Amino acid sequence: MLSYEVVEHGKPLQARLRETPKPQGAEVLMRITRSGVCHSDLHIWEGYFDLGGGKRFHVKDRGCVPPFTVGHEPFGVVEGLGPQAAGVKVGERRLVYPWIGCGRCPVCEAGNDHLCLNTRFVGVIRPGAYATHLIVPDARYLVDASGIDEAWAATLACSGLTAYSAIAKLPPLAARDWVAVLGCGGLGMAAISMLRAQGVGNVIACDVDADKLARAREQGAAAVLDTRGEDALARLKALAGDAVAGVLDFVGTPATAGLGVGALAKGGHYVLCGLFGGEITLSLPPIAQRAMSLRGSYVGSLRELQEVVALARSGRLAPSPVEVRPAGEVNRSMEELREGRVLGRVVLDFEHVDPDAPARASA
Ligand SMILES: [Zn+2]
Ligand SMILES: [Zn+2]
């Protein structure tokens, strides 16, 4: 198998040839065809999350030590089955749910693998999908997404699922209520489509990039806001007629958190998904007086992914912008993502890997 691995934090990924693993027990060997590039891959690549105030969380403290293969938006073909594997056949094309827990604790048994304390997340704890092959611990983590574009399907495993689960945490919305989407990258675009598919018309897309805002409007946002400038908060509240009932923050900086929390109407919910980093100071009385809800949302459950895929297959969800690139362009793609130059999602093509690439990589 060929994989593109983090060999040193922050340095270009390197192509490596390794022996293709044999599935054991209930495991399934997938041959990867499409692999989405997510912003959180950048943090693992760089080796830390910025906790603000000079504090950092290092991924090596969670067992993520180079050489390591990232990538948690895998789509592929079943290529091999362990002796106890059941529920799929060789040759079937499946989306992989990557947020796999221990499978044995009460949290996992309740269907919340993504909140397990002993995770086996693909591309975070286990080897990920920037590779031609991937071992999945059990066939129940495979989702049938037939009927939709496979590159788009791959992105549903993280960006689609994260957006869907965040939206599920919003309060019931009245007709006059607005939802502000902060950050119009892959996650924000997915959220705008999903809000529209769920009948929410009053969506304000917020970003600092005019191209992304134009794209967000095409995706169905009713209003857009360029958040540069001192008066962004006032302009956001004015656009929404002081009725921002929900904020989905897909950036997660002190600036976006301040904007999102500041814009909330009474009883509103601010949902944080973005992991950009930093810290904020909040005055406590207004949290009570304005009956605000401040909550986090992290990826989503297997059941939610099945719901997202069903929504996509129903045809009611506008596909998010996806650009498919050869797998060998992984380093360029991560650089562009770091610089904020990617519109929507980049998905790597591992189905048509250059047959000479492994030879060159090992040379
Ligand atoms: Zn992700
Ligand atoms: Zn568990």
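Whatever order the structure lists ligands and atoms in, that order sets their numbers, starting from 1. The shown structure was predicted, so the numbers you read here are calculated from the model rather than taken from an experiment.
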Establish whether Trp178 and Val261 are linked, either directly or via other cluster members, by ILVMFWY side-chain heavy-atom contacts under 4.5 Å.
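Yes: a chain of side-chain contacts under 4.5 Å links Trp178 to Val261.
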So what does the Cys38 SG - the Zn ion (ligand 1) - Cys158 SG angle come to, to 10°?
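Rounded to 10°, it measures 130°.
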Backbone of Arg126 reached by a side-chain donor or acceptor of Arg120 within 3.5 Å
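Pair absent, no side-chain N/O of Arg120 close to backbone of Arg126.
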Return the name of the atom in His72, of element N, O or S, nearest to the Zn ion (ligand 1).
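Of all N, O or S atoms belonging to His72, NE2 is the one nearest the Zn ion (ligand 1).
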Neighbour count above 12 (heavy atom, 6.0 Å) for Glu19 CD:
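Count not over threshold, so no.
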Quick check for you: with the Zn ion (ligand 2) as the vertex, what angle do SG of Cys108 and SG of Cys116 span, to 10°?
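Vertex at the Zn ion (ligand 2): approximately 110°.
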Indicate the ring-plane relationship of His72 and Trp99, choosing parallel, tilted or perpendicular according to the 30° and 60° boundaries.
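Tilted.
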